[in-house]
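Inspection log for the structure reproduced underneath, given as structure tokens.
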There are 2 protein chains.
Amino acid sequence: MLDWSLLRSFLAVVDAGSLSVAAERLGSTQPTVGRHIRELEQALGFPLFRRQPRGLEPTPAALPLIDDARRMGDAAEALARKVAGQDERLTGPVRITASRMVALHLLPPVIAALRHDQPDIAIEIDATDVTQNLLRRDADIALRMVDPTQNQLVRRKITDIPLGIYAARSYIARRGAPAKLDDLLHHDVIGFDRQEDLIRGFAAMGHTVTRDWFPLRSDDHPLLWELLRAGAGIGFAQVPIADRDPEVLRLLPEVALPKMPLWLVMHEDLRHNRRIRHVADHLASGLLGRLG
Amino acid sequence: MLDWSLLRSFLAVVDAGSLSVAAERLGSTQPTVGRHIRELEQALGFPLFRRQPRGLEPTPAALPLIDDARRMGDAAEALARKVAGQDERLTGPVRITASRMVALHLLPPVIAALRHDQPDIAIEIDATDVTQNLLRRDADIALRMVDPTQNQLVRRKITDIPLGIYAARSYIARRGAPAKLDDLLHHDVIGFDRQEDLIRGFAAMGHTVTRDWFPLRSDDHPLLWELLRAGAGIGFAQVPIADRDPEVLRLLPEVALPKMPLWLVMHEDLRHNRRIRHVADHLASGLLGRLG
DNA sequence: GGTGTCCTATACGAATATGCATAGATACTA
DNA sequence: TAGTATCTATGCATATTCGTATAGGACACC
């Protein structure tokens, strides 16, 4: 008969790769997790990990056990989600994940209004451009630009956000405004570095664009935007965001650019949770109000 | 983040129906399990059980959580089986379950020889006529008279044990021996009470037999055998067992009776475990030697 | 109606696990 | 080659959990 807490530590160490990181994720400490692993190894009679300078690596004997431990973990997460879904109170935390651009430029007023309406609902915002795992409940609600494919997730399309070509007034004063799309070749265009979704979007709209188009490249969207506002070049931005900024002007509005869908995603187990549902409804209507 | 040990206690209480029984199965104590349940209820924010005089009954809110907890339990058991299957030492316990008749009259010399050969292998024998669950590892090896249908179980047929009609010498001296099958109607025949498999066996061999045939009935096989030996009546017994006993004589050997298959069953995860494999091989050959 | 048996809840001392602080060891870097 | 940033292992005081013993309540049986 094995202690399930030890198996939980085992799985955490497998996933984390080290005692320290596993302890942090578990809300425990490194000595405790280390003792758990040692205790489990004593109970099983063989070592589970090779202690290495960079962390712990599972031994071959431990590999077949990982599947079962993960099934335990998945079931525990499913249980936790069902518990959260049963919570009918309009009190407690709701965790939202959104891209940094959405979080910085769209969410604040919507969240402020929500805080005013429901002061008992605490809001946690995870502003990151990497997709979080809603199945593991990294967040309750996700605002995403890509259509989620995982089943068990329910999605609601808020709107399609149009993109536009913008430049700061200072840049236009210095370099002038392009009269047609091809003129951009003679301008400093700010664009993405490794993320190629915008380039693919251009291709879909009939414009052939390569990475060399952009003499100023970064994948940090807020940084790109500030570069644009500072007059570093011509760039692309979401129309509802950029049009609010008096520093920048829209260029070539007749050019058709791809639109970015904005999805609101949550786990189906949480759909009927009153608190999370309320936040989701507020986000959807609030964002649509600002984007519409 | 929930403590997995609490979930284990939750599942145990669901299955046991009471804190006391759950604690016994967990190898813990009733106060500890009770505290676990209370702690879990506090963490979840709603009650999981209704405390009743006869035990604890899950609340409606707890019902959907049972599935996930059971999935955790199944995964934990699978993990434990894999661990046991990896144990290559010829040291440690092996748990055998067998019918009481087999355990009493066939196993002892076989086990004695095994103990002599491998003194480091400890043998636990569960002599019971109810089928144990090998998936939950109630036993490592089962000796059964019925063909197991659960998949994940591997089975080996040791032999078909022939049945014969027997009576004690004292009974024959008093009542005489029957000359043909129909004479049994005028004898005291010892037979089964509620277990009808023998009756169905007779029917399959062309003999019409009803429960009223047996004026002396019980479902306790060892007791039936001792009644037979004491001269209480004519009965049926496994030929290899009964022929060893000088107190009894075989009657009507020409009558065809159903044969009882003897299966050796174990979980496939344990098939490659050296220790259990060794015991299984010894049991199979030893039993075949005595039954051959 | 008494009695025995099952159950859960609680008190308290003891065993146990935890967290902090720190030491030791290894790889990467300048 | 020294410095730095990881990581794991250990000592120790403390906080937590656990088990024993016991009380109290409901039910079945005689």
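A, B, ... follow the sequence lines: proteins, then strands. Residue 1 opens every chain.
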Is any NZ, NE, NH1 or NH2 atom of the basic residue among [X] and [Y] found under 4.0 Å from an Asp or Glu carboxylate oxygen of the other?
| X | Y | value |
| --- | --- | --- |
| E41(B) | R50(B) | no |
| D67(A) | R70(A) | no |
| R136(A) | D74(A) | no |
| D220(A) | R100(A) | yes |

Any side-chain N or O of [X] under 4.0 Å from OP1/OP2 of [N]?
| X | N | answer |
| --- | --- | --- |
| R51(A) | dA9(D) | yes |
| T32(B) | dG19(D) | yes |
| H36(B) | dT17(D) | no |

Along DNA chain C (nearest heavy atom to each residue), the more 5'-positioned of R38(B) and V21(B): V21(B)
Quick check on DNA chain C: between S18(B) and R35(B), whose nearest nucleotide comes earlier from the 5' end? S18(B)
Gap between atoms [atom1] and [atom2], on [X] and [N] respectively (whole Å):
| X | N | atom1 | atom2 | answer |
| --- | --- | --- | --- | --- |
| L19(A) | dT6(D) | CG | C1' | 13 Å |
| E24(B) | dT8(C) | CD | P | 12 Å |
| R50(B) | dA26(D) | CZ | C1' | 15 Å |
| F49(A) | dA9(D) | CZ | P | 12 Å |
| D3(A) | dT17(D) | CG | P | 13 Å |
| Q52(A) | dC7(D) | CD | P | 14 Å |
| E57(A) | dT8(D) | CD | P | 13 Å |
| Q30(A) | dA23(C) | CD | C1' | 12 Å |

Over 60° means perpendicular and under 30° means parallel, so tell me whether F49(B) and F10(B) are parallel, tilted or perpendicular. tilted
Is G34(A) touching bases, backbone alone, or none of the nucleic acid, heavy atoms closer than 4.0 Å? nothing
Nearest listed nucleotide, side chain of S28(A), among dG19(C), dT8(D), dT20(D): dG19(C)
Closest to the side chain of L56(A), out of dT8(C), dA21(D), dT8(D), is dT8(D)
